[in-house]
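The structure appears below as structure tokens.
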Amino acid sequence: SVIVDQREKLIVSDRNNHRVVILDQAGTWLLTINGDVTVSHAFRYPQGLALDPQGNIHVAAYGSNTIKVFTSEGTYVRSYGNVKSPTGMAIDEGYSLVNEWAGNCLSIFDPQGNKIHTVGSLDHPRGVVLDPKSGSLYVANSDANTVLKYSV
């Protein structure tokens with residue numbers, strides 16, 4: 001995943017190196033988040049990324065089955081969710097929408113990180129994006145070769 005923060009910095013999940021990197025618009029490497037798998041808040045195979053209203057970076061850690069939250073400076077904040085291989089995520093007004101590839105569902109978490117709803121019957125969902133103009137949520141339902149549209 002690649003997202004752009006409020007300061008126009010690029011935030012990239014470097015999946016196979018188990019890290020998230022932050023670059024400026026020119027591509028200059030500014031920061032590495034969590035490349036050290038020996039720390040307690042380590043993640044494995046980061047995939048989906050999203051920013052919350054405070055600018056914190058939420059990382060869908062596929063190999064760690066959780067969501068990790070870091071400040072824009074890379075400081076660990078917290079973890080939430082017991083999810084099955086999260087791949088993609090979006091945040092809407094503080095609510096996290098997380099694809100669970102192995103769980104074949106989309107889970108919704110409140111701003112405190114509590115799972116409040118699950119939409120099942122998906123087929124290995126990968127990407128998720130929210131269109132704020134239309135209020136639509138799109139989910140890439142990868143093994144079904146479809147894109148699903150939900151109203152939020």
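Computed from a prediction, not measured in an experiment: that's the story for all the values here.
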Taken in chain and number order and not counting sequence neighbours, the residues that satisfy side chain to side chain contact (heavy atoms under 4.5 Å, CB included) with Ser64 are Phe43, Arg44, Ala61, Thr66
Note: with side-chain heavy atoms under 4.5 Å as the link, the other cluster members for Val21 come out as Val2, Val4, Leu10, Val12, Leu23, Trp29
In this structure, CG of Leu137 is separated from CG of Leu148 (nearest 0.5 Å) by 9.5 Å
*asked:* Assess the residue pair Leu97 and Tyr150 against the criterion (side-chain contact (heavy atoms from CB on, under 4.5 Å)); give the C-alpha distance rounded to whole Å, side-chain angles, the decisive distance to 0.1 Å, and a yes or no.
replied: CA-CA 12 Å; Leu97 312 159; Tyr150 298 94; over 6 Å; no
- request: Would you indicate whether Asn82, at its atom CG, is surrounded by more than 12 heavy atoms from other residues, nucleotides or ligands within a distance under 6.0 Å?
  value: no
Here the pair of heavy atoms bringing Ser107 nearest to Thr118 is OG-OG1, 3.7 Å
Might you work through the side-chain contact (heavy atoms from CB on, under 4.5 Å) test for Leu51 and Ile11, ending with a clear yes or no? CA-CA 10 Å; Leu51 295 170; Ile11 303 167; 4.0 Å; yes
With sequence neighbours left out, the residues meeting side-chain hydrogen bond (donor to acceptor under 3.5 Å, both in side chains) with Asp14 are Asn17, Arg19
Nearest heavy-atom approach of Gly127 to Asn99 is O-ND2, 3.0 Å
Hey, quick one: are Ile33 and Val59 part of the same hydrophobic cluster, counting side-chain heavy atoms closer than 4.5 Å, chains of contacts allowed? yes
Sorted by chain and number, sequence neighbours left out, side chain to side chain contact (heavy atoms under 4.5 Å, CB included) with Ser142 holds for Trp101, His124, Arg126
Shortest non-hydrogen pair, Cys105 vs Pro125, comes out as O-CG, 3.6 Å
Counting N and O atoms only, with roles assigned by atom type, does the side chain of Asn141 sit under 3.5 Å from a partner on the main chain of Asp123, one being a donor and the other an acceptor?
yes
Contacts satisfying side chain to side chain donor-acceptor pair (under 3.5 Å) that involve residues 83-98 (not counting sequence neighbours) are Tyr80-Ser96
Note: Ser13 and Pro46 closest approach over all heavy atoms is CB-O, 3.7 Å
Here the gap from Leu122 atom CG to Leu106 atom CG, rounded to the nearest 0.5 Å, amounts to 6.5 Å
Taken to the nearest 0.5 Å, the spacing of Leu31 CG from Asp24 CG works out to 12.0 Å
ask   = Between Gln25 and Glu8, is there a donor-acceptor pair closer than 3.5 Å when you use the side chain of the first and the backbone of the second?
value = yes
The reported gap from CD in Gln6 to CD in Gln54 (rounded to nearest 0.5 angstrom) is 10.0 Å
In terms of heavy-atom contacts, Ser136 and Tyr138 come closest through CB-CE1, 3.8 Å
Side-chain contact test, heavy atoms from C-beta onward, threshold under 4.5 Å: evaluate it for Val69 versus Ser79 and give yes or no. no
Sorted by chain and residue number, the side chain to side chain contact (heavy atoms under 4.5 Å, CB included) partners of Glu73 (sequence neighbours excluded) come out as Arg7, Thr71
What do the steps show when you test Lys68 against Asn34 for side-chain contact (heavy atoms from CB on, under 4.5 Å), and what is the final call?
CA-CA 10 Å; Lys68 306 284 185 169; Asn34 202 27; 5.6 Å; no
Taking every heavy atom of Val128 against every heavy atom of Ala90, the minimum-distance pair comes out as CG1-N, 3.8 Å
Going only through I, L, V, M, F, W and Y residues with side-chain contacts under 4.5 Å, is there a path from Val77 to Ile57? no
Looking at His18 and Tyr45, would you say the former's side chain and the latter's main chain have a donor-acceptor pair under 3.5 Å? yes
Output for pair (Ile3 CD1, Ile22 CD1), nearest 0.5 Å, gives 9.0 Å
dist Phe70:CZ -> Leu49:CG (nearest 0.5 Å) comes out at 11.0 Å
